[in-house]
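On a predicted model such as this, the values are computed, not experimentally measured, just so you know.
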Amino acid sequence: QVQLLDSGGGLVQAGGSLRLSCAASGRTFGSYVMGWFRQAPGKEREFVSAIRWSGSNTYYADSVKGRFTISRDNAKNTVYLQMDSLKPEDTAVYYCAAGTLYFSGITRERNYGYWGQGTQVTVSS
């Protein structure tokens, strides 16, 4: 089975940066879309960003556009989420996800078949 290990979360002050990593193992991911979601306490899981495992297509939620950058290193089977200019509103558990899906469905969590365990990001005021 495919395994996703997300990591890199932590505590940071507003305006700071964090880099999340998602290491994938098991299958080839050439046809996969890799996504990041987040979930704050009491709120629904929210789409953050996505990228094709192969290709250059990327997409960002409006709330993070211009501040977050998704990237990948296929040789390392790893996807990254560079988070800059962090705000307290970014506080959440961040989850890496993967699936074979059309790029038009990247914001729907049900379209992703594999998930990481989540990594906590806390941004203080």
Side-chain angles (χ1 to χ4, degrees):
Q1 297 292 334
V2 173
Q3 292 186 5
L4 302 177
L5 179 61
D6 37 25
S7 62
L11 175 64
V12 65
Q13 293 185 351
S17 298
L18 286 172
R19 186 198 195 198
L20 306 184
S21 299
C22 176
S25 62
R27 300 183 185 179
T28 178
F29 291 88
S31 62
Y32 274 63
V33 170
M34 304 293 295
W36 287 95
F37 290 76
R38 66 187 183 185
Q39 188 167 23
K43 296 185 178 180
E44 295 183 351
R45 192 166 296 184
E46 174 190 21
F47 171 80
V48 177
S49 185
I51 188 172
R52 291 188 183 275
W53 191 255
S54 299
S56 59
N57 300 73
T58 59
Y59 189 78
Y60 300 91
D62 289 341
S63 59
V64 306
K65 190 175 297 183
R67 300 187 298 117
F68 291 9
T69 304
I70 190 169
S71 62
R72 67 180 188 275
D73 187 336
N74 291 37
K76 296 181 179 179
N77 293 327
T78 301
V79 173
Y80 304 97
L81 185 67
Q82 179 67 41
M83 309 164 66
D84 298 322
S85 301
L86 283 163
K87 304 175 181 179
E89 305 93 275
D90 296 318
T91 296
V93 177
Y94 284 70
Y95 298 89
C96 177
T100 54
L101 53 96
Y102 292 107
F103 211 68
S104 60
I106 56 174
T107 64
R108 302 184 182 94
E109 60 185 284
R110 69 177 184 272
N111 289 337
Y112 294 81
Y114 305 96
W115 293 85
Q117 80 285 354
T119 183
Q120 176 71 49
V121 172
T122 302
V123 184
S124 62
S125 301

Item checked: Option passing side chain to side chain contact (heavy atoms under 4.5 Å, CB included) with Val79 (candidates Asp6, Ile70, Asn74) ->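 It is Ile70; the other options fail the test.
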Check: Do any N or O atoms from the side chain of Arg72 and from the backbone of Arg52 form a donor-acceptor pair under 3.5 angstrom?
Finding: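 Present.
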What distance do [X] atom [atom1] and [Y] atom [atom2] have between them, rounded to the nearest 0.5 Å?
| X | Y | atom1 | atom2 | value |
| --- | --- | --- | --- | --- |
| Met83 | Thr69 | CE | OG1 | 11.0 Å |
| Met34 | Leu81 | CE | CG | 11.5 Å |
| Gln3 | Cys22 | CD | SG | 11.5 Å |

Next item on the list: Apply side chain to side chain contact (heavy atoms under 4.5 Å, CB included) to the pair Glu46 and Ser63, showing each step before the final yes or no.
Entry: CA-CA 10 Å; Glu46 174 190 21; Ser63 59; 3.7 Å; yes
Checklist line | Lys76, NZ: over 12 other non-hydrogen atoms inside 6.0 angstrom | finding: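 No, the 6.0 Å shell around NZ holds no more than 12 heavy atoms from other groups.
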Measuring only between side-chain heavy atoms, which start at C-beta, is [X] closer than 4.5 Å to [Y]?
| X | Y | result |
| --- | --- | --- |
| Thr91 | Gln120 | yes |
| Arg38 | Val64 | yes |
| Trp36 | Phe68 | no |

Item checked: For Arg67, side-chain hydrogen bond (donor to acceptor under 3.5 Å, both in side chains) partners two or more places apart ->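 For Arg67, the residues satisfying side-chain hydrogen bond (donor to acceptor under 3.5 Å, both in side chains) (neighbours in sequence not counted) are Asp90.
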Item checked: side-chain hydrogen bond (donor to acceptor under 3.5 Å, both in side chains) partners for Ser17, two or more places apart ->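 Counting only residues at least two positions away or on another chain, Ser17 forms a side-chain hydrogen bond (donor to acceptor under 3.5 Å, both in side chains) with Asp84.
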Next item on the list: Measure the acute angle between the ring planes of Tyr32 and Tyr114, then classify it against the limits of 30° and 60° as parallel, tilted or perpendicular.
Entry: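 If you compare the ring of Tyr32 with that of Tyr114, the planes turn out tilted.
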Item checked: Contacts of type ring-ring contact (aromatic ring centres under 6.0 Å, His included), residue Tyr94, not counting sequence neighbours -> none
Checklist line | Partners passing ring-ring contact (aromatic ring centres under 6.0 Å, His included) against Tyr59 (at least two apart in sequence or in another chain) | finding: Phe47
Can you give the donor-acceptor pairs under 3.5 Å from side chains of residues 95-111 to other protein atoms, not counting sequence neighbours?
residue, atom, partner, partner atom, Å
Asn111, ND2, Gly105, O, 3.0

Margin query: Once side-chain contact (heavy atoms from CB on, under 4.5 Å) is applied, do any residues pair with Ser71, and if so which ones, sequence neighbours excluded?
Written below: Tyr80
